[in-house]
2 protein chains.
Amino acid sequence: MSVFSEVSTTDLVTQIARQITEAIVTGHLKPGERLTELQLSREFGTSRAPVREAARLLESQGLVTFSPRRGFFVRTFSASEMRDIYELRIGLELHAGCLAVERATEADLAALEKQLGRLYGTAGQASIETQIFEDFAFHRMICKASGNARLIRVYDELATEMRAGITLIGKIYDDPQRMAETHEPIMEALRKRDEEQLRGALRYHIAVAQDAVVALFEELEKGA
Amino acid sequence: MSVFSEVSTTDLVTQIARQITEAIVTGHLKPGERLTELQLSREFGTSRAPVREAARLLESQGLVTFSPRRGFFVRTFSASEMRDIYELRIGLELHAGCLAVERATEADLAALEKQLGRLYGTAGQASIETQIFEDFAFHRMICKASGNARLIRVYDELATEMRAGITLIGKIYDDPQRMAETHEPIMEALRKRDEEQLRGALRYHIAVAQDAVVALFEELEKGA
DNA sequence: AAAATGACGATTGTCGACAATTGACACTCT
DNA sequence: AGAGTGTCAATTGTCGACAATCGTCATTTT
């Protein structure tokens, strides 16, 4: 048994992709903004090649768009795209929930309870980014409890898009305390392992978020 | 109005990615096989750069895996991964079906009927690749009828993985005629726009396929 | 003979360079 | 002035090259 931990071999491409992703979901890079390869490569202190590969990764992940001979741009989300994303999320998360009802271990449930506590903890003090992060973490744990690795991958992609969209408009969580409370019906259904109740609770919870986000995006489009 | 059709500007990367994908799903490139950049670039008559970018695309799509300093390999599927893929497909397609029940136009339904006819048409004469293709086309049309573009993107990714897996083992559709017939309950539910019946029919249909594929993969793993 | 070591070929990681293309601006002509 | 045209800087597409690294196989050591 080795006493040494592995030396990090994360290649440049992955590192760059991560940094760009972070910049996008935190709103540091704004939708529609152009990603100039040369400029980025200079900032990262690398050549253009790794930047291009990283950008391609993000493209297939839907975070940036690519136009031949014109380059990469931070993806813009329309209201209808956001509607689609949330609609897909409903299907995905309800499915995950049903699986979780059958498969979740006691440890999974305990972790969820703990995460719910963290949600309450964010009320009043944490930044909005932290609130968003913890909220997503809760829902991700439900997907995790489904035991389906492929499902989580899709969910993570969706989550990234949602975060990018939400950060864009900022104002979603007007009341953190209330935000945490709306998760209670979900947690309760999970405790009871009641599939039908969980489906209902999740569907309602996500639909509310969908309505809010879509409405904001429609507002945004009207203004533009 | 222009009389000229657009000149194809598909860049090298996309072309290469398509060709590699095709080679994988048709079994021309076998799982676990190494993708040597230099060799591929010579075959395509390009340099390594576009090949690398294409490979990265396929990686995030899950068709190839990437190991730093070792290169790209055609993805191998385990039985449990296949189970996850089909399990996710169930969630996805049932959700799509429910949406389709509400939203499908008469034209959508007519197209589905036509596609069902094509399924019968493949019986007896078409190659197994054609049968698989037409089968997937039918299910894709259900997703299309959901009107959710994001959902289709995920479905297409899953379909690619399923095709890659199925081609690997080859023998799934032992009786094309019967394969076509098993789609009848689905079509019937769509005609009646009966959500519950559609969910049941789809779930059963896909679960049968899942059982067959997973069993074959488990067989394969035992042998190896 | 088995295990450890060393060297070599093959392959990837990254870079800088050059041609091709784009978009914007200035210019011309009517 | 307005439409069209030409020019130019900025940027992308692609390439070939070189260093770093990995796997393999022969060699040495115990």
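Proteins come first, then strands; the chains are lettered A, B, ... in the order of their sequence lines, and each starts at number 1.
- For D/dT11, the OP1/OP2 oxygens have no side-chain nitrogen or oxygen of A/Arg70 closer than 4.0 Å.
- To the nearest 0.5 Å, the span separating CG on B/Leu40 from CG on B/Leu29 amounts to 7.5 Å.
- Partner of A/Arg89 under the side chain to side chain contact (heavy atoms under 4.5 Å, CB included) criterion, chosen from A/Gln210, A/His139, A/Glu161: A/His139.
- At whole-Å resolution of the value, CG in B/Leu38 and C1' in C/dT12 are 10 Å apart.
- Here D/dT11 is the nucleotide among D/dC15, D/dT11, D/dG13 with the atom lying nearest to any side-chain atom of A/Thr36.
- For the residue pair B/Ser41 and B/Thr46, no side-chain donor N or O sits within less than 3.5 Å of a side-chain acceptor on the partner.
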Which string of ( ) [ ] | and . matches DNA chain D, if you list each base 5' to 3' and count Watson-Crick or G-U pairs only when both distances are under 3.5 Å?
||||||||||||||||||||||||||||||
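- Closest to the side chain of A/Arg34, from the set D/dT14, C/dG13, D/dT11, is D/dT11.
- Rounding to whole angstrom units, CG of residue A/Leu12 and C1' of D/dA19 are separated by 14 Å.
- Of the candidates D/dA17, D/dC15, D/dT12, the closest approach to any side-chain atom of A/Glu37 belongs to D/dT12.
- Side-chain atoms of B/Arg69 and base atoms of D/dG23 include no donor and acceptor less than 3.5 Å apart.
- Looking at heavy atoms from C-beta onward, A/Phe44 lies in side-chain contact with A/Val51 at the 4.5 angstrom threshold.
- Here C/dG16 presents its P atom at 12 Å from CZ of A/Arg48, a figure rounded to the nearest Å.
- With B/His95 contributing its side chain and B/Leu151 its backbone, the two residues share no donor-acceptor pair below 3.5 Å.
- Residue contacts shown for B/Phe66 are limited to sugar-phosphate atoms, with no base heavy atom under 4.0 Å away.
- Rounded to whole angstrom, the span from the CZ atom of B/Arg52 across to the P atom of D/dG16 amounts to 16 Å.
- Geometric assessment of A/Arg56 against the ring of A/Phe66 yields a positive cation-pi assignment under the 6.0 Å and 45° thresholds.
- When rounded to the nearest whole Å, the span between CG of A/Leu35 and C1' of D/dA10 equals 16 Å.
- Separating the CD1 atom in B/Ile85 from the CZ atom in B/Phe77 is a distance of 5.0 Å, to the nearest 0.5 Å.
- Rounded to a whole Å, the CG atom of A/Asp11 is 18 Å from the P atom of D/dA20.
- B/Asp84 and A/Asn148 make their closest contact through O-ND2, 3.0 Å (heavy atoms, listed as atom of the first residue, atom of the second, distance).
- In this structure, B/Gln39 atom CD and C/dT11 atom C1' are separated by 12 Å, rounded to whole Å.
- The cationic group of A/Arg34 does not satisfy the cation-pi geometry with A/Phe72, failing either the under 6.0 Å distance to the six-membered ring centre or the 45° limit from the ring axis.
- The residue B/Phe44 sits apart from the nucleic acid: no heavy atom pair falls under 4.0 Å.
- A/Glu134 and A/Gln115 share a side-chain donor-acceptor pair at under 3.5 Å.
- We find that CD1 of A/Ile16 is positioned 13 Å from P of C/dG13, with the value rounded to whole Å.
- Sequence order on DNA chain D of the closest nucleotides to A/Gly71 and A/Ala49 puts A/Gly71 first from the 5' end.
- Of all the residues in residues 54-65 of chain B, not one reaches under 4.0 Å from DNA chain D with any non-hydrogen atom.
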